[in-house]
Amino acid sequence: MADKLRSMKEAIADTVKDGESVVIDGFTHLICFAAGHEIIRQRRQDLTLVRLTPDLVYDQMIAAGCAKKLVFSWAGNPGVGSLHAMRRRTESSAKDRLAIEEYSHFGLLSRFLAGAAGLPFWPLKNYNGCDIAKTNEAIKFIACPYTGETIATVPALRPDVAVIHCQRADREGNAQVWGLYGSQKESAFAAKKVIVVAEEIVDTQVIRRDPNRTIVPGIIVRHVVHEPFGAHPSYVQGYYDRDNDFYVAWEDISRDEAKYQAYLEEFVYGVKGRAEYKQKMDAGVLAKLKAKPRMSEGVDYGY
Amino acid sequence: MADKLRSMKEAIADTVKDGESVVIDGFTHLICFAAGHEIIRQRRQDLTLVRLTPDLVYDQMIAAGCAKKLVFSWAGNPGVGSLHAMRRRTESSAKDRLAIEEYSHFGLLSRFLAGAAGLPFWPLKNYNGCDIAKTNEAIKFIACPYTGETIATVPALRPDVAVIHCQRADREGNAQVWGLYGSQKESAFAAKKVIVVAEEIVDTQVIRRDPNRTIVPGIIVRHVVHEPFGAHPSYVQGYYDRDNDFYVAWEDISRDEAKYQAYLEEFVYGVKGRAEYKQKMDAGVLAKLKAKPRMSEGVDYGY
Amino acid sequence: MATEPTPSERMAHRAAKELHDDDVVFVGIGLPNLACNLARATHAPSLFMIYESGAVGCIPERLPVSIGDPALVTDSLAVVSQADIFQMYLQRGLIEVGFLGGAQIDRYGNINTTVIGSYSNPKVRLPGSGGACEIAVHSKRLLVVMRMSKRTFVETCDYITSPGHKLHGKTRQELGHPGGGPTKVITDLCVMDFDGGEMIVTELYPGVTREQVQAACGFSLRFAEKPTTTETPGPDVLRLLREKLDPEGLYLK
Amino acid sequence: MATEPTPSERMAHRAAKELHDDDVVFVGIGLPNLACNLARATHAPSLFMIYESGAVGCIPERLPVSIGDPALVTDSLAVVSQADIFQMYLQRGLIEVGFLGGAQIDRYGNINTTVIGSYSNPKVRLPGSGGACEIAVHSKRLLVVMRMSKRTFVETCDYITSPGHKLHGKTRQELGHPGGGPTKVITDLCVMDFDGGEMIVTELYPGVTREQVQAACGFSLRFAEKPTTTETPGPDVLRLLREKLDPEGLYLK
């Protein structure tokens, strides 16, 4: 069995190349900010960033000049405001316009589903007559061969890289997740290269004792990174809560380009990696975010 | 919250009507023989039986005269021999011919997927040039709207009834499964009426403590049945092993029509239900089948 | 405690009234979230809440700040992939009630959450659809919660993100959208139904006149012959909203 | 212990040789199951076994009696739905090696596991495809394990369940089948490769002649210029097979 454990620096350096398409998955839960920050530190350029909900981490990558294109379905700071770097580069006043390719959640998810399933397209009942299909020529329509009804299709997406944050993984990349799944399984199977980032690296025996929890098998994984606190300010069920105060505070930081760049200088360029980032956090914040245990019971796999 | 707990007798009487299509799901694991036997006892007729692997329970329903049609993808006694009642009614010597509609596993599964997803068809890369597509006109081909390549399609399947056996469920029908899933989730979501059969009925709190294990939500469930040992001679991970000796012995019983009917008389018509069936089992067999515990650990759902 | 409800509180209260016990509701962020939790705490204790994040049958101990809040997972009945949520729950037709808001809405209930201005060169870039388009396509009943103004209730949306009853000249039926389309629009001044696929004001908030409503709308509105007066939330409901459901004023700004 | 291997043992041993360490193999029931477990116990300890039942990365403590045996689940690396197995593993192209047997095979490697006689009025009704059709469509390498006879190696299959290199006049490429098609046929007399999409005998079991092989085949066979002699399993392998892997003789009849 291959030991795929690498530092985040090594994993990103070996995997993410300029001009490639990258998915850092997670839906509110398990968004790997640590990977996004490392991509910024390594000054990758011309990336196509793909994700249902770009969230702050993609906005930071856009602000840092890593992205040429964004493929997405909802771009905002949930419940708080906008992604300001993205807005500055997509509105009519923008100088260096960011290319965008836009779906609804179901449509972009369906692109992952097709890629993950090895099909060239995916069908969904959606979009007929809506402007999303008029402004995105990748969305097409076919007639159902049985009923004749109009069904939308989207093309398969095979991103170059997918980064999957999880609660635990072994050194081969067998990754287990509980709580919200997002589209982690689908983006991992769709991708050409997969990096698994785990809060904990466990012995393969731990994985084997509860195989129904594995969502990404090691056979599709290129590198494994051990990165505790790697999802902050996003969260990891059972480990730490979402830093909602940070998301609120971000609105002010990100509205102002100078403050934005100062943030990146201090918390991204100014640190070597996630361990140093965590050391900069306020102890009170860390204590507040720490999950209060709610253990499930085991189940019996015997026969 | 509705209490949907019923006896198997009540659940079948209320749910399965003559002429309907029925799925008793499970792939080797979790095949609900108890439901099949109750359908036989209630002398249902003209059923369309749907299932990837008909297994012994469908063969028994065929022998008992419940079925007019079989929709399937692999019909045999795995590693042992044939389904003899089915063979007697499908080979050229048959008098009262059973209608059959045949797919491969992937094709029939895709029919469930379409039904479960509310789509009229499902696409798959398969069948091109193969005789399965020539002898089953439900299989069609479309051109991919992006690449032009030929993709097979199958029509959605919406069975009238699905029976889902599981390790545990609450009284509302929230069902949790570990070990092999078969196509339980897909057939449950595809079906119009769902019966959940559980080895154990648990408090809803048990379900809520580990929500990632729920594969069928109560909102799609009509009745819940508590039926310990309900899958024998199939198995339930963590509860009892597959009765492989029975599957081997079945070859002799089922080859001979008289022996076959004698078996049905004794073990199906001759008992009121599963509890009585279990009482007829040899104590040594029960002891041998009883699962040796292999507990998994709990995980932390806190925040 | 001020006994006079704010417009947000009225909207949350009125939206909650649309939810019945055992309804399967696809909960969105913001006021819909609050409305659902209010309904569950009052007349609809068995309201079945599903979030597009994958949490099913949620009973959050705290008001979720986002639709992916960990409190939605803990003690939920099921957590499933988003692929399952969109395919097996929404597209399959299991969602009775969907909730949407937006930046623009027209008389047919078409909603824009994508751009103000032209799509290729927008004046304001909004978040986009998220799940809105498919929620509008598939929900059996669709509730819209929006504040009224001439900027938001418009003759023609700059962009149709989510389909209403008629778009670009075609009806939902002609387009094959399985859901029922918008059933109510709940605003800060009034409540609209749809009649023949077009918005019609059927309720006015206490003290609000037809003229005020029309003045806050960018298109010529139809009114029911005798609009009823929307019920005012009582002190119990206000206390619940202010002290228990949203003590930090996340949504009740 | 008899040192002379039986035909089944030779077939299991020869099939095992086709499996390399780290190969991702889709394991079927019967001899393929035994061959995989033999390979894992000898030269390919990291053989990655996936079963169509949904068990991934299996290390069964007992020889599985069926492909849905509980021993495949316990201590596996992952258990997934069959939808995932067929879509995300097989159709996605992750399966390196597939295994098939059958009732009939033709010179192109087309396999019949459905009926003998006509489909609508069969003389013998066989189990059908199961996963065989898609395994033949998608596996990068396909190993076929079958005993030879004029009834099984036929000019034309009564029914093509699983596609070989050419069927009804069309090649795999023309039909768009992603997998590589049959790579080896392992029989009780010899081993065949495929050359230009047609079967060619490249190995003979010790003591077996071309004439014997041709006599057991329903079509005119091609032979390599110098077929090699298939290696005979040594006493260690036989002991492993008989005492450890299949002590009850489930597959080694």
Side-chain angles (χ1 to χ4, degrees), chain B residues 26-29 52-53 72-79 82-83 86-87 90-93 97 100 102-107 109-110 112-113 116 124-132 134-135 149-151 178-186 215 234-238 241-242 244 247 291 294, chain D residues 29-30 51-55 65-70 72-75 79-84 86-87 90-91 110 112-115 117-134 136-138 157 159-163 167-168 170 172 174-178 250-251:
Chain B
F27 192 90
T28 318
H29 187 211
L52 272 65
T53 53
F72 75 104
S73 46
W74 196 88
N77 181 346
S82 298
L83 297 183
M86 181 228 173
R87 279 188 63 173
T90 53
E91 291 180 356
S92 56
S93 54
R97 195 73 71 85
I100 64 168
E102 182 167 7
Y103 299 84
S104 65
H105 282 346
F106 191 9
L109 195 59
S110 295
F112 285 130
L113 280 164
L124 65 161
K125 277 193 193 169
N126 214 357
Y127 298 142
N128 203 5
C130 303
D131 289 350
I132 297 179
K134 295 187 167 54
T135 53
E149 68 195 288
T150 301
I151 302 289
W178 53 96
L180 300 176
Y181 293 122
S183 48
Q184 292 200 309
K185 183 174 73 177
E186 293 77 10
I215 66 154
S234 167
Y235 76 98
V236 179
Q237 195 93 33
D241 197 356
R242 188 167 185 264
N244 292 315
Y247 276 85
R294 284 289 291 270
Chain D
I29 195 62
Y51 289 74
E52 69 182 23
S53 56
V65 174
S66 76
I67 54 172
D69 197 288
L72 298 171
V73 165
T74 311
D75 287 333
V79 180
V80 305
S81 71
Q82 288 193 279
D84 281 1
F86 285 111
Q87 296 189 120
L90 185 58
Q91 186 172 255
N110 295 307
N112 174 15
T113 53
T114 303
V115 286
S118 81
Y119 183 72
S120 56
N121 203 16
K123 209 169 103 196
V124 184
R125 175 66 234 191
L126 302 164
S129 167
C133 181
E134 43 266 12
V137 166
H138 289 284
C157 290
Y159 188 97
I160 296 179
T161 314
S162 308
L167 52 165
H168 301 306
K170 290 198 176 164
R172 294 180 71 81
E174 288 170 324
L175 295 167
H177 295 157
L250 287 172
Y251 304 136

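Each chain gets a letter, A, B and so on, in the order the sequences are listed, and its residues count up from 1.
The candidate from B/Phe112, B/Phe106, B/Trp74 with the greatest count of non-hydrogen atom pairs under 4.5 Å with chain D is B/Phe106. Between chain B and the options D/Gly54, D/Gly130, D/Ser120, heavy-atom pairs under 4.5 Å are most frequent for D/Gly130. Your options are D/His138, D/Arg172, D/Glu174, and the one with the most heavy-atom pairs under 4.5 Å with chain B is D/His138. Most heavy-atom pairs under 4.5 Å with chain B: of the set D/Thr161, D/Leu167, D/Asn110, D/Ile160, this distinction falls to D/Ile160. For chain B, the option among D/Val124, D/Leu126, D/Val137 with the highest count of heavy-atom pairs below 4.5 Å is D/Val124. For the set D/Pro163, D/Pro178, D/Gly117, D/Pro122, the count of heavy-atom pairs under 4.5 angstrom toward chain B peaks at D/Pro122. Contacts with chain D were tallied for B/His29, B/Arg242, B/Arg294; B/Arg294 has the most, counting heavy-atom pairs under 4.5 Å. Of the listed residues (D/Leu72, D/Asp75, D/Asp84), the one with the most heavy-atom contacts under 4.5 Å to chain B is D/Asp75. The candidate from B/Asn126, B/Asn77, B/Val236 with the greatest count of non-hydrogen atom pairs under 4.5 Å with chain D is B/Asn126. Counting heavy-atom pairs closer than 4.5 Å to chain D, the top-ranked of the candidates B/Gly76, B/Gly179, B/Ser234, B/Ala291 is B/Gly179.
Interatomic distance, CG of B/Leu113 versus CD of D/Gln87, reported as 5.0 Å (0.5 Å rounding). Rounding to the nearest 0.5 angstrom, the gap separating the OG atom in B/Ser183 from the CZ atom in D/Phe86 is 10.0 Å.
At a 4.5 Å heavy-atom cutoff, the contact between B/Phe72 and chain D is made by side-chain atoms alone. Only the side chain of B/Glu186 comes within less than 4.5 Å of a heavy atom in chain D; its backbone stays farther off. Contact of B/Ser82 with chain D is not made at all, since no heavy-atom distance falls under 4.5 Å. Proximity to chain D is limited to the side chain of B/Leu109, based on heavy atoms less than 4.5 angstrom apart. When heavy atoms are compared at a cutoff of 4.5 Å, B/Thr135 approaches chain D by way of both its backbone and its side chain. Interface remark: B/Tyr235 contributes side-chain atoms only to the contact with chain D (heavy atom separation under 4.5 Å). Contacts between B/Lys134 and chain D at a heavy-atom distance below 4.5 Å involve the side chain alone, from C-beta outward.
Closest approach of B/Glu102 and D/Tyr119 over heavy atoms only: OE1-OH, 2.5 Å. The two residues B/Ile132 and D/Cys133 have their closest heavy-atom pair at CD1-CB, 4.0 Å.
No side-chain heavy atom of D/Ser129 sits under 4.5 Å from any side-chain heavy atom of B/Ser73. In this structure, the side chains of D/His177 and B/Asn128 come closer than 4.5 Å at one or more pairs of heavy atoms. Inter-residue side-chain proximity for B/Phe27 and D/Ile67 is flagged as met; some heavy-atom pair is nearer than 4.5 Å. Side-chain contact check for D/Val73 versus B/Leu180: some heavy-atom pair is nearer than 4.5 Å. Side-chain atoms of D/Asn121 and B/Arg97, non-hydrogen and from C-beta on, do get closer than 4.5 Å to each other.
Scored by the side-chain contact (heavy atoms from CB on, under 4.5 Å) test, D/Lys123 finds no partners at all (sequence neighbours excluded).
In this structure, D/Gln91 contributes its side chain and B/Leu124 its backbone to no donor-acceptor pair below 3.5 Å.
Judged by distance alone, the side chains of B/His105 and D/Gln82 never bring a donor and an acceptor atom under 3.5 Å apart. Remark: the D/His168 side chain and the B/Asp131 side chain contain an N/O donor-acceptor pair separated by less than 3.5 Å. A side-chain donor from one of D/Thr74 and B/Gln237 sits under 3.5 Å from a side-chain acceptor of the other.
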Derivation of the side-chain hydrogen bond (donor to acceptor under 3.5 Å, both in side chains) call for D/Ser66 and B/Tyr247: CA-CA 11 Å; D/Ser66 76; B/Tyr247 276 85; over 6 Å; no
